[in-house]
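What you are looking at is a predicted structure, and each value in this text was computed from that prediction instead of being measured. Sequence lines set the chain letters: A, B, ... in the order given, protein chains first and strands last, and positions in each chain run from 1.
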Amino acid sequence: MNSSGKSPDSSSEKDIISDLQSRNMVVQLAGGDELTAHLAEGSRVVYCGFDPTASSLHIGSMVPLLALKRFQMAGHKPIALVGGATGMIGDPSFKDSERKLNSTDIISDWVEQLKPQLSQFLDFDCGENSALLVNNLDWTQDYDVLSFLRDVGKHFAVNAMIQKESVKQRLEREGEGISFTEFSYMILQSYDFAELNKRYDCTVQIGGSDQWGNITGGIDLTRRMHQNQVFGATLPLVTKADGSKFGKTESGTIWLDPKKTSPYAFYQFWLGTADADVYKFLKFFTFLSAEQIDEIEAQDKASGMKPQAQGILAREVTELVHGEQGLSAAVRISEALFSGDISSLTAEDLQQLEQDGLPCSTISSESNGIVEVLVATELAKSNKMAREFIGNNAVSVNGQLVADQDFALTQEKALHTQYFVLKRGKKLFHLVKLVV
RNA sequence: GGAGGGGUUCCCGAGUGGCCAAAGGGAUCAGACUGUAAAUCUGACGCGCAAGCUUCGGUGGUUCAAAUCCACCCCCCUCCA
C-alpha cells in the first residue's frame, strides 16, 4: 500500500495544481506549496466523495469527478468514494435547513446507481494508478458507537466544530437548528479521510468549496490518528453570471443518467450556456487545454459573430457523458428541429427522432384537441396555461403556428398520416403519434 | 416539563375579521429584440372558457363573512429545567 516512487506521467507538462489553477479550478489549498511538492514527488492517492442524494449524479458533480480524472491523467491514483454512510446522515454544509432522512433502502439503491456513473469517467485498468471505487459504509456500518466515540470522537473539539463556516450560519440562523445527526457529518467524513489514508495511503482529498470544513477536519483527524500529513484542495461550485442556479431548467435538474435527462436535453442545456459563462464552463467541464480555450475565446471575440464556444462545449460534454452515440443522436435531433423545415422530415426521420430520445407520446383521435394534447404532453401544466401559450403565439404544430384554441390534431394534418411535431416556446419540442 | 417565537401560494416574505387568490422580491414561463446567448421591455405565474371553485400546518368551532378570532392537535426554533 505504499505509494510508489514513480513520477507522474511525463506527458503532462505542468503540474496538476498549476493546471487546475490555470483553469480557475482551485478555490482553496490545504498545504499550498507543500501539496504541490508532494504531488510532484510521485504518484499520489487522491480521493473525492459523492453522497447518494438522488438516483443519479447531476452536472454539479461533474467538476470534482472530472478533477479526479485530471489527477489520474497526471499520474495519480483516484479514489471515487460513494457515501453509503454519509448519505444516510446528510451533509449540513452551507445548507440552511435540516433535511429529512431518506430510508436506508432508498439510499442503498441510490448507491448502486451511482457506482457506474462514478466509474465511467475513470480508468480502472491502467496499472499502478488505476482508479478505485469505495463505499464508506464498509468501514462505518460495523463500527460500534462506543468505540467510535472513544476512538474518533475524542479527537474533535466541539468548540472548533461550531466555528466552521459551513455550519456557523446554520447555528446562527433564526428559526433553524441543526440536529446532532447532521452535526456529526463532519466527523464521519473526516474519518473517511483517515481511513483511506490508512488503507490506501491516500494523502489528498478534493471536493467542492463547500467541503472545506469537512476536508480540513479530515486532515486534522488523520494527523491525530495516524500522525500523517495529508492535504486538501477545493474546487469551485459552479455559478452562473446572472446569479440563477446552475444546472436547473424548467424541467428540473440536469442529470447524468440518460433516463432522467436525455442526451438531447443534455446537449441542449449546454448549447444554451450564456456567453458570460461559456469559457469558464469549457475549463471546468472539458479536457481542452486552457490555452485552447483561451484561443477559442479570442476567436469568438474577434469574429463579432455568434460564438462557437457553446457548440464546442455542448459537443464535448455530451460526448464525455453520453458517448459518441448519445452525441450524434442529440445533434441529429437538434438539427432536424432547429435548422430544417419540420414538414419536410420523412417518416424515417421522425422515427429516428423518436429513437434518439425526443420526448414522444401517443394520442387517439378522440382526444386530439390542441389544449388537451399540450397538457397530455406536459408542454403545458394546465388547460389554462395551454390556452395562454396559444394566445401568446407560442405553440406550433409541424412548423405551423397554432392560433386557434380549438385546433385539432387530425389525421389530415399529420405528417405521414400519424406524426405531429409540437413546439412550445422557442426550444421545447414533443413528438406526437396519432393512433387511429 | 416551563417560558417565549414561528408554520402563508416554487422560494423568501407581507398580510391580524370583509377592499385577499392573498403586497413585494426572487425563481420560472411566454412574446418582442437577438445568436436556440445576455441585457432590456411586455405579459403570465392555484384551478376553471366562464360563472365560479379550492388554498394560507391539521381538525373542529364562532361569525352574514376567517389566512386573520376561539379550542384542541401536529411540526419547527430560542431560552430555562
When the [atom1] atoms of [M] and [N] are compared, how many Å lie between them, rounded to an integer?
N: B:rG2; M: B:rU8; atom1: P; value: 26 Å
N: B:rA51; M: B:rC47; atom1: P; value: 15 Å
N: B:rA23; M: B:rC12; atom1: C1'; value: 14 Å
N: B:rC10; M: B:rG58; atom1: P; value: 13 Å
N: B:rC45; M: B:rG57; atom1: P; value: 23 Å
N: B:rG18; M: B:rU28; atom1: P; value: 35 Å
N: B:rG17; M: B:rA67; atom1: C1'; value: 11 Å
N: B:rG46; M: B:rG24; atom1: P; value: 13 Å

Counter-base of [N], judged by Watson-Crick or G-U geometry with both distances under 3.5 Å:
N: B:rU36; value: none
N: B:rC47; value: B:rG52
N: B:rG17; value: none
N: B:rA3; value: B:rU78
N: B:rU42; value: B:rA30
N: B:rU9; value: none

Can you name the closest pair of heavy atoms from A:Thr286 and A:Arg23 and give their distance? O-NH2, 2.9 Å
Take A:Gln351 and A:Gln355 through the test side chain to side chain donor-acceptor pair (under 3.5 Å) and record every step on the way to the result. CA-CA 6 Å; A:Gln351 269 166 27; A:Gln355 276 169 22; 5.5 Å; no
Base, sugar-phosphate, or nothing: which does [X] touch, judged by heavy atoms less than 4.0 Å apart?
X: A:Glu98; answer: nothing
X: A:Ala274; answer: sugar-phosphate
X: A:Ser97; answer: nothing

Nearest whole Å is fine: how far is [N] [atom2] from [X] [atom1]?
X: A:Leu428; N: B:rA30; atom1: CG; atom2: P; answer: 7 Å
X: A:Leu379; N: B:rA30; atom1: CG; atom2: P; answer: 11 Å
X: A:Asp277; N: B:rA38; atom1: CG; atom2: P; answer: 10 Å
X: A:Lys423; N: B:rG31; atom1: NZ; atom2: C1'; answer: 13 Å
X: A:Phe389; N: B:rG31; atom1: CZ; atom2: C1'; answer: 11 Å
X: A:Gln310; N: B:rA38; atom1: CD; atom2: C1'; answer: 10 Å
X: A:Ile333; N: B:rU36; atom1: CD1; atom2: P; answer: 18 Å
X: A:Lys301; N: B:rG35; atom1: NZ; atom2: P; answer: 19 Å

For a quick test of reading the model: is some side-chain N or O of [X] closer than 4.0 Å to OP1 or OP2 of [N]?
X: A:Lys426; N: B:rG35; result: no
X: A:Arg424; N: B:rA30; result: yes
X: A:Lys427; N: B:rA37; result: yes

Here's a test of your reading of the structure: between A:Lys240 and A:Leu271, which maps to the more 5' nucleotide of RNA chain B?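 It is A:Lys240, whose closest nucleotide lies nearer the 5' terminus.
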Residue closer to the 5' end of RNA chain B, A:Lys306 versus A:Val395 (nearest nucleotide): A:Val395
Where do N or O atoms of nucleotides 79-81 of chain B meet protein N or O atoms at under 3.5 Å, pair by pair?
none

Starting at CD1 of A:Ile293, measure out to CZ of A:Phe284 and round the result to the nearest 0.5 Å.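 Rounded to the nearest 0.5 Å, the CD1-CZ separation comes to 10.5 Å.
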Show your reasoning for whether ring pair (Phe, Tyr, Trp, His ring centres under 6.0 Å) applies to A:Phe285 and A:Trp270. CA-CA 10 Å; A:Phe285 294 100; A:Trp270 294 104; 4.7 Å; yes
By ring-ring contact (aromatic ring centres under 6.0 Å, His included) - contacts of A:Tyr267 (at least two apart):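 Residues passing ring-ring contact (aromatic ring centres under 6.0 Å, His included) with A:Tyr267: none at all.
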Which residues pass the salt bridge (Lys or Arg N to Asp or Glu O under 4.0 Å) test with [X], sequence neighbours left out?
X: A:Asp356; value: A:Arg332
X: A:Glu98; value: A:Arg170
X: A:Arg223; value: A:Asp220
X: A:Asp109; value: none

What is the per-nucleotide protein-contact pattern of nucleotides 40-56 of chain B, from the 5' end, where B denotes a base atom under 4.0 Å from a protein heavy atom, S denotes such proximity for sugar-phosphate atoms only, and - denotes neither? ----S--BBS-------
Tell me which donor-acceptor pairs under 3.5 Å the side chains of residues 388-400 of chain A have, and how far apart each pair is, sequence neighbours excluded?
unit_1: A:Asn398; atom_1: OD1; unit_2: A:Val421; atom_2: N; d: 2.7
unit_1: A:Asn398; atom_1: ND2; unit_2: A:Lys413; atom_2: O; d: 3.4

Determine yes or no for a side-chain-to-main-chain donor-acceptor pair under 3.5 angstrom, with A:Thr216 supplying the side chain and A:Trp212 the backbone.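 Side chain of A:Thr216 to backbone of A:Trp212, a donor-acceptor pair under 3.5 Å: yes, one is there.
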Give every residue pair that meets the salt bridge (charged side-chain N to carboxylate O under 4.0 Å, His left out) criterion with at least one member in residues 265-286 of chain A, sequence neighbours excluded.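 Only A:Lys283-A:Asp294 qualify under salt bridge (charged side-chain N to carboxylate O under 4.0 Å, His left out).
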